[in-house]
Amino acid sequence: MSSVFETAPSAAAIPITFVTKATWDAIKKELPAPARRYAEDNGFAAKPGKCLALPAADGRIAQVLFGLEDDGHKSRDPFHPGALPGLLPAGVYRFANAAHDTRLATLAFALGCYRFGRYRKNEAPDIRLVPPDGIDAADIGRMAGAAALARDLINTPSNDMGPTELADAARELATRFGASFNCITGDELARDFPLIHAVGVASTRAPRLIDLCWGDPAHPKVTLVGKGVCFDTGGLDLKPSSAMLIMKKDMGGAANVLALAQMVMDAKLKLRLRVLIPAVENAVGGNAFRPLDVFKSRKGLTVEIGNTDAEGRLVLADALALADEEKPDLLIDLGTLTGAARVALGPDLPPFYTNDETLADRVAAHAKEENDPLWRMPLWPAYDAWLDSKTADITNAPSGTFAGSITCALFLQRFVEHAKSWLHVDIYGWTPSARPGRPEGGECQAARAIYKLLSQRYA
Ligand code: BES
Ligand code: MN
Ligand code: ZN
């Protein structure tokens with residue numbers, strides 16, 4: 001992705017003036033008379049999201065007005081300026097005054113330029129922005145670039161984004177940043193990663209465990225684990241078609257840990273990074289794993305299959321167990337794990353889980369600061385007994401549907417023992433309908449907040 005930022009000094013950049021109900025009168029008074037009349041005749045009101053280009057005497061665009069919510073408005077969206085790239089004609093622009101949060105406005109603008117162009121011609125106009133003074137354009141560009149990577153990977157349909165292609169994307173990233181890359185494939189997984197093998201075995205596209213390492217081994221170890229289910233049919237517990245319709249996005253955790261890894265490596269953070277991605281397709285077949293099958297996991301715990309559609313926690317369990325063996329300073333996993341998380345908090349507010357209080361506070365603070373919303377939910381100890389199985393050590397799907405995101409988190413917790421801190425995020429990875437800075441489709445979630453957390457923790 002080429003950057004949206006105009007780096008050459010550009011005196012001709014078209015100014016964008018942010019206006020609110022409260023500021024519009026004063027701004028209007030300062031406009032040249034013909035421009036003021038033009039705005040009035042066009043019925044421009046300083047309402048959030050309203051956009052008007054004002055002509056100069058020679059008919060060219062002199063400036064752009066863009067409406068924002070008043071300061072302190074209840075439902076103020078700091079990403080509102082992210083609507084601009086979808087409204088403006090091609091050109092070079094600059095912000096003429098401060099948005100509520102100019103850094104987030106700049107980020108939103110960059111995020112709003114994203115288009116998924118793999119399968120048809122990109123007709124989006126070429127829009128560029130002169131970075132506002134005092135804004136770290138390199139960092140914003142890094143975050144927007146990572147978001148584009150996550151979105152591209154998620155938006156790519158499963159026929160072009162199977163376990164192999166996901167591994168290719170990780171290998172490309174490793175090569176670009178001089179990281180090591182390793183991949184355990186197919187039946188090689190059967191002995192040491194039985195759960196990953198079980199979930200992935202029915203697909204004609206072999207399962208994989210992707211393993212990337214980067215950075216100075218003397219630095220503290222941070223391991224990222226991402227759910228890479230390249231398509232989730234539900235397995236023999238087949239999903240209804242309506243639920244299957246967006247299951248190409250079930251590798252959203254993997255896409256987001258790759259996006260996060262890209263930011264970490266590009267910013268050269270002082271940490272030793274490991275990225276583990278169990279990449280599988282949860283398919284239907286004669287050799288598919290079944291309800292009530294029992295597998296001995298990598299960690300040694302036996303797992304009874306209560307539901308083949310609770311596959312994400314299975315593949316993560318073996319990868320988390322491997323990660324945990326090294327006693328990392330911080331272990332983080334992201335995955336599109338439960339519908340229950342959506343019932344609780346909706347598509348835009350993923351729940352996160354950790355028993356580290358300090359870490360929880362930091363995650364919440366960075367999530368807010370980056371407008372990458374996350375909400376803490378509890379690893380509620382009393383529900384841990386719901387994982388009991390009559391046959392094995394645990395079941396992957398407790399009967400009943402109560403607290404589904406929590407019981408998934410509790411399941412994963414069983415596989416983490418030695419890591420100094422553990423953070424789990426149950427993401428959605430998808431924007432169901434477009435909002436400013438967030439085009440419909442695959443979405444980068446949690447990666448920006450965590451990137452900022454890591455930047456501070458390992459400065
Ligand atoms: N990939 C799904 C979770 C999901 C569903 C995410 C819908 C976003 C939207 C996951 O593998 C799954 O199917 N989870 C089951 C778990 C259940 C069988 C215990 C679910 O949430 O229904
Ligand atoms: Mn599933
Ligand atoms: Zn799934």
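Numbering of ligands and ligand atoms starts at 1, following listing order. Along the sequence shown, residues are numbered consecutively beginning with 1.
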Novice: Say you draw a straight line from CG of Leu331 to CH2 of Trp422; how long is it, rounded to the nearest 0.5 Å?
Specialist: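 Leu331 atom CG to Trp422 atom CH2 measures 8.0 Å (nearest 0.5 Å).
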Novice: With carbon and hydrogen excluded and only N/O/S kept, which atom of Asp250 is nearest the Zn ion (ligand 3)?
Specialist: OD2
Novice: Would you say His100's side chain and Glu69's backbone share a donor-acceptor pair under 3.5 angstrom?
Specialist: yes
Novice: Please check: side-chain N/O of Ser297 versus main-chain N/O of Thr302, any donor-acceptor pairing under 3.5 Å?
Specialist: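 Judged by distance alone, no pair lies under 3.5 Å.
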Novice: Out of Asp356, Thr358, Asp329, which residue meets the side-chain hydrogen bond (donor to acceptor under 3.5 Å, both in side chains) rule with Ser421?
Specialist: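 So, applying the side-chain hydrogen bond (donor to acceptor under 3.5 Å, both in side chains) to Ser421 and each of Asp356, Thr358, Asp329, only Asp356 qualifies.
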Novice: Which atom, counting only N, O or S, brings Glu311 closest to the Zn ion (ligand 3)?
Specialist: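 Nearest to the Zn ion (ligand 3) within Glu311's N, O and S set: OE2.
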Novice: Name whichever N, O or S atom of Glu311 ends up nearest to the Mn ion (ligand 2).
Specialist: OE1
Novice: Measure and list all N/O to N/O distances between ligand 1 and the protein that fall under 3.5 angstrom.
Specialist:
unit_1   : atom_1 : unit_2 : atom_2 : d
ligand 1 : 1 (N)  : Lys227 : NZ     : 3.3
ligand 1 : 1 (N)  : Asp232 : OD2    : 3.2
ligand 1 : 1 (N)  : Asp250 : OD1    : 2.8
ligand 1 : 1 (N)  : Asp250 : OD2    : 3.0
ligand 1 : 1 (N)  : Thr336 : O      : 3.3
ligand 1 : 11 (O) : Lys227 : NZ     : 3.2
ligand 1 : 11 (O) : Asp232 : OD2    : 2.9
ligand 1 : 11 (O) : Asp309 : O      : 3.1
ligand 1 : 11 (O) : Glu311 : OE1    : 2.9
ligand 1 : 11 (O) : Glu311 : OE2    : 2.9
ligand 1 : 13 (O) : Lys239 : NZ     : 2.8
ligand 1 : 13 (O) : Asp309 : O      : 2.9
ligand 1 : 13 (O) : Asp309 : OD1    : 2.8
ligand 1 : 13 (O) : Asp309 : OD2    : 3.2
ligand 1 : 14 (N) : Leu337 : O      : 3.3
ligand 1 : 21 (O) : Gly339 : N      : 2.7

Novice: Identify every side-chain donor-acceptor pair in residues 170-186 under 3.5 Å, counting partners at least two apart or on other chains, and give the distances.
Specialist:
unit_1 : atom_1 : unit_2 : atom_2 : d
Arg171 : NH1    : Asp168 : OD1    : 2.9
Thr175 : OG1    : Arg171 : O      : 2.8
Arg176 : NH2    : Gln262 : OE1    : 3.2

Novice: Do the side-chain N and O atoms of Asn355 and Gln413 include a donor-acceptor pair separated by under 3.5 angstrom?
Specialist: yes
Novice: Using 30° and 60° as the class limits, which term best fits the ring planes of Tyr383 and Trp380: parallel, tilted or perpendicular?
Specialist: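 Tilted.
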Novice: Have a look at Asp232 and say which of its N, O or S atoms is nearest the Zn ion (ligand 3).
Specialist: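 For Asp232, the N/O/S atom sitting closest to the Zn ion (ligand 3) is OD2.
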Novice: Using 30° and 60° as the class limits, which term best fits the ring planes of Phe411 and Phe415: parallel, tilted or perpendicular?
Specialist: tilted
Novice: If I take the Mn ion (ligand 2) as the centre, what angle separates the OD2 atom of Asp232 from the OD1 atom of Asp309? Nearest 10 degrees is fine.
Specialist: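 An angle of 100° at the metal.
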Novice: Short check: any N/O/S atom of Lys227 below 2.8 Å from the Zn ion (ligand 3)?
Specialist: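 So Lys227 does bind the Zn ion (ligand 3) by this criterion.
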Novice: How about CG on Asp192, more than 12 heavy atoms from neighbouring residues, nucleotides or ligands closer than 6.0 Å, or not?
Specialist: yes
